[in-house]
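Keep in mind that this is a model prediction, so the values were computed, not measured.
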Amino acid sequence: MVTIKPALNGLSTLVLLPTLSSAEALMTIEALILNVKMKAIVQDTRFKVFSIVDSLMAFHRDVLKALGKQFLDGYINLAEGEKDPRNLMVAFAIARVILIEFDISGHVESMFNILFCYFPITFRPPPNDRYGISTDDLRMALRNCLNATPAFGLLAIPVFLEKVSAGSRATKKDTLQTMAVCLPVYGSALARVSSRKLWNALKLEIFQPVDPETEQEALKTTQILVKTIYTDEEASLEHNEDIQGLARDACEECIQILKEPEKSQAKPATKILCTFMLTTPSVARYTISQAVPHLVRLFLSPDEASTRTPILLLLSELIASARDSTTKSSSDVDSPLLPYKDEVLGVFSVGLKLATTRNAALSGLKVLASTKQLLSDEELGFTVHNVDEIIEGDSEELYDSIEPVLEVLTTISEIAPRHVVEQTLPLLSSSLPDKAPTRDDSAGRKKCWQTLTTLSKLCIQGELFEQLVLRLTTKLDLICFPSTQQFLLISADPEPTAAYAHMILKALAQALTTKVKGKHPDVAKYIDRLVPIIFNIFVSSAFFSEEQTTVATEPRLVQVAAEIINLVVQSVPSEWVIFETLMKLSSSNTNFCRKQHLYSIGLSKAIVDGDVSTIAEGFQKAAKSGRLSIFTVLRRPFSIEAPSNYSQKSSIPKERNIVALLSAAVISLYKEARLSLEDVGAFLDMLLNWVLNVADNDMQRAAALHMVSSILNRQVDELSSFLGDKLDAYWNAEVANDGSPLPRRIWAIKSWIWLLILYQITKALLVRKHPLATTFTERLYDAFGDETIGWEAAKAIGQIPSPDTVLTKANHAEVKILYVQKYVVSFISGIWNDAVLITTTDPTRQTAALVALTSLIKSIPRAAYVHEMPSVYPPLLDHTIHINLIPLLLRGLDLPDADIRSNIIDTFLAAAEGETPEKSLVAEHSVTLVNNMLKNCTINDILSTRVRISALRYLAVLPNIVRYDVLHPHKAIVLRELAKVLDDPKRSVRREAVHARTIW
């Protein structure tokens, strides 16, 4: 025994040598069988034995086959009783080869015994297992042995039946999965003989499942059992009468149960029938022939009127399986439902008439419509007509069924959109009035909104969306440019008309958003069919705004219109992006793909010269003849000193809102489709001055800054002098100038932010490598000591890395990965030191640093700062933080700025993740925290919804991170105050209050 281990070590190397002869291989295996006693050696040595046999099996299999009975007897003796998982993995691999390639006719029972003794696998790997062998690894290796030969069939079936009937959940699942892979190998003859026993065991797991997963496995095994029995006979089973055996008996059993469709057993019975639909064509035909007529008769029976809803649901499931059976079929065969489609369509059409059965009927109609080549074109039109009757009916009943109604119509529109276009769209469009409902007509407004929402969800298919654009833009034009009589009414109260126009624009935007997310190729063509109309309506309204009331100048309408323009323009491909594809396309396609580049030329004319004639088109001709004067006052070289005529804002006030539309188009352009500008730096100078001196509202300022950041992102290599000038001249003149008005200084800081974002994400300048990037941020950091704008600069620190909707991949901006992490690495340590470690004696600077810290933590993902601030998270254990940060954060909750309060509470929430009552940092501050959160969650003290929600969320977290004995004295007060919050006018606040009160 002393020499066995070194001998095995030597043999394990020798058997891998290509020079090992067959005689030597024979000598080796005979020596192993004769001399090695597996029960007398340890597992590592046994592993060497299995490895040697495995190597011989791989390189000298013919030698082992020639040994025949001697090798099989010897190997069975070696493998018997093995328990080590690593050894079993090799043993199972060897056994599979033996079962497949060796003659085991005289050793079936012996091989069965050494394999099935491990079934089912119950092994659980120990912690830190160095071999990394999982339960599933062993399970799959054993399963590959059990299904390696049909000879195991007679012996295996009784074992399977025993395990599936008496085992645990894991055992049942393993047994069912093993049966599913073994039955096809064991053959149809054995499956047919054992079918009744197997069915009795399987149906128990379906009708009385221990969990849904086991039920699904039982259904899958049933499907494979039926398929195994009937696949070989498929050619001879031409008529339903030819189906005998398990399929007929099980179908009859399930049909008997379905005579009471409202009972709980009807659902699993239907699942079984649905499973039969996915077996063989003959069984599917037979199942349909038995189940569908039965359910139709039940539905039409007056005695079963109360059970019509479950009948329709069961029927829907059955025909869905019939649809799926034809979808998965490789051959182009007719649906087994085809002979019964008239009866089924009639049943579902009748079900639409009653509110109680309508949703179930709609579900069935959706399945019918989605079954290929089942319903004819006329039948699809008939279905649309029946569904339209629901739309024409009671609005409350329609609201309850709107989602299934839309699903049916959407399904049909993908197959035959003509019926929806000709029947449904006119019906919905006609319910939209040509003038807005009055202020008192709340029912009319509700109906308009429901109709527009329905249209936005329905009209996603290309032909339907084209009709939607045509109808809604026509309606929008009528509303924005009413008749003289209607104009007088609008002038007296423009709000209802503005709200109606906003609804229409929002419907278009929602439909476009869905199409863009679905990457519909037809969106690009609306740069000619929709965007010019939007521009025409809003530009014309701006021109008319000096003479009359025009609703299309409302900022909220302009913002939605800008969203529409952005979605369309960003979907138009660039000629450079698909240049190689263009070489293979016709000239017409080439012209289409150049569209964004050509569009940028017309857009440049509108921005630089005010000429919108090439980008605006529609019923109103004002846009063709007039010129925008948005930037007229600043069309000259940039000067730090404001020109004398800045106060004379020569452009029409509401005309300046159009900058939002122009900006939405500019930020969507590819880098190659840039604006045609003679001097980009001078243009950006002009925009920055326009923001500070001309713009009337925040929407205009933000839109201009979006344009600045987008152009910088794409053309930064050409603008180094512009950026260098901004570091000194712009900062000193606009931000650091104490004599400048506060609002002007704040917007100057916001301009600074948009310049800085460029450095964070542009491809041309990596954040950590360009010296100006650090300098720009340090200027904001230096402003912390300014009592006037310190907070604004501090909040800007957190806004810089926050998620952006302008510089995104969708808008074709150049975005570098990990830019947030790089930003945090550079600047968080200084902010942290000022806020927490009190490296400054200036209280103004310390407070600003606290604002910056909370704003930064709120704006970035936890992973971005966790490594740079290990003492902040998790869970704030450092003594310095304990002494300094929490009191500072608590003091910050008294600051008047709602955003700062919300950021502070969100910081507490971020720090709470991972805390436990035993190691809670905030326990000694619990009284102060509870009182502060109660004060910040009531509408009488706090108007900000965001603050109230954050405070309630932290109240709900406190019981999980602070010991019960510490919080218990405050329980009554908290419950009493939270009861008051339950009357908050905001539903989102009430929901958080209910959750917090439940926790307390």
(message) Given 3.5 Å as the limit, does a donor-acceptor pair link the side chain of N932 with the main chain of T928, or not?
(response) yes
(request) For the residue pair T171 and S168, confirm or rule out a side-chain donor-acceptor distance under 3.5 Å. (result) yes
(request) Could you check V164 against L204 for side-chain contact (heavy atoms from CB on, under 4.5 Å), going step by step and ending with a plain yes or no? (result) CA-CA 10 Å; V164 81; L204 186 64; over 6 Å; no
(request) Take S710 and N811 through the test side-chain contact (heavy atoms from CB on, under 4.5 Å) and record every step on the way to the result. (result) CA-CA 9 Å; S710 178; N811 282 331; over 6 Å; no
(request) Decide yes or no on side-chain contact (heavy atoms from CB on, under 4.5 Å) for V558 and M699, but give the supporting numbers first. (result) CA-CA 9 Å; V558 175; M699 181 189 72; 4.0 Å; yes
(message) Among residues at least two apart in sequence or on other chains, which ones pass salt bridge (charged side-chain N to carboxylate O under 4.0 Å, His left out) with E217?
(response) none
(request) Inspect the contact between E213 and K173 and indicate whether a charged nitrogen and a carboxylate oxygen are less than 4.0 angstrom apart. (result) yes
(message) Within the 3.5 Å criterion, strictly below it, is a donor on T214 or D211 matched to an acceptor on the partner's side chain?
(response) yes
(request) Indicate whether any N or O donor in one side chain lies under 3.5 Å from an N or O acceptor in the other, for R901 and N936. (result) yes
(message) Using 0.5 Å steps for rounding, measure from the CG atom of D984 to the OG1 atom of T938.
(response) 9.0 Å
(request) Using the test side chain to side chain contact (heavy atoms under 4.5 Å, CB included), find all partners of T513 that sit at least two apart in sequence or belong to another chain. (result) K517, E563, L567
(request) Please name all residues satisfying salt bridge (charged side-chain N to carboxylate O under 4.0 Å, His left out) with D965, sequence neighbours left out, ordered by chain then number. (result) R963
(request) For residues H995 and A956, report the shortest heavy-atom separation together with the two atoms involved. (result) CD2-CB, 3.8 Å
(request) Not counting sequence neighbours, which residues clear salt bridge (charged side-chain N to carboxylate O under 4.0 Å, His left out) with D137? List them please. (result) none
(message) Tell me whether the count of non-hydrogen atoms from other residues, nucleotides or ligands lying under 6.0 Å of NZ in K220 goes above 12.
(response) no
(message) Once salt bridge (charged side-chain N to carboxylate O under 4.0 Å, His left out) is applied, do any residues pair with K446, and if so which ones, sequence neighbours excluded?
(response) E396
(request) Please collect all salt bridge (Lys or Arg N to Asp or Glu O under 4.0 Å) contacts where either partner lies in residues 987-1000, sequence neighbours excluded, each pair once. (result) R953-E992
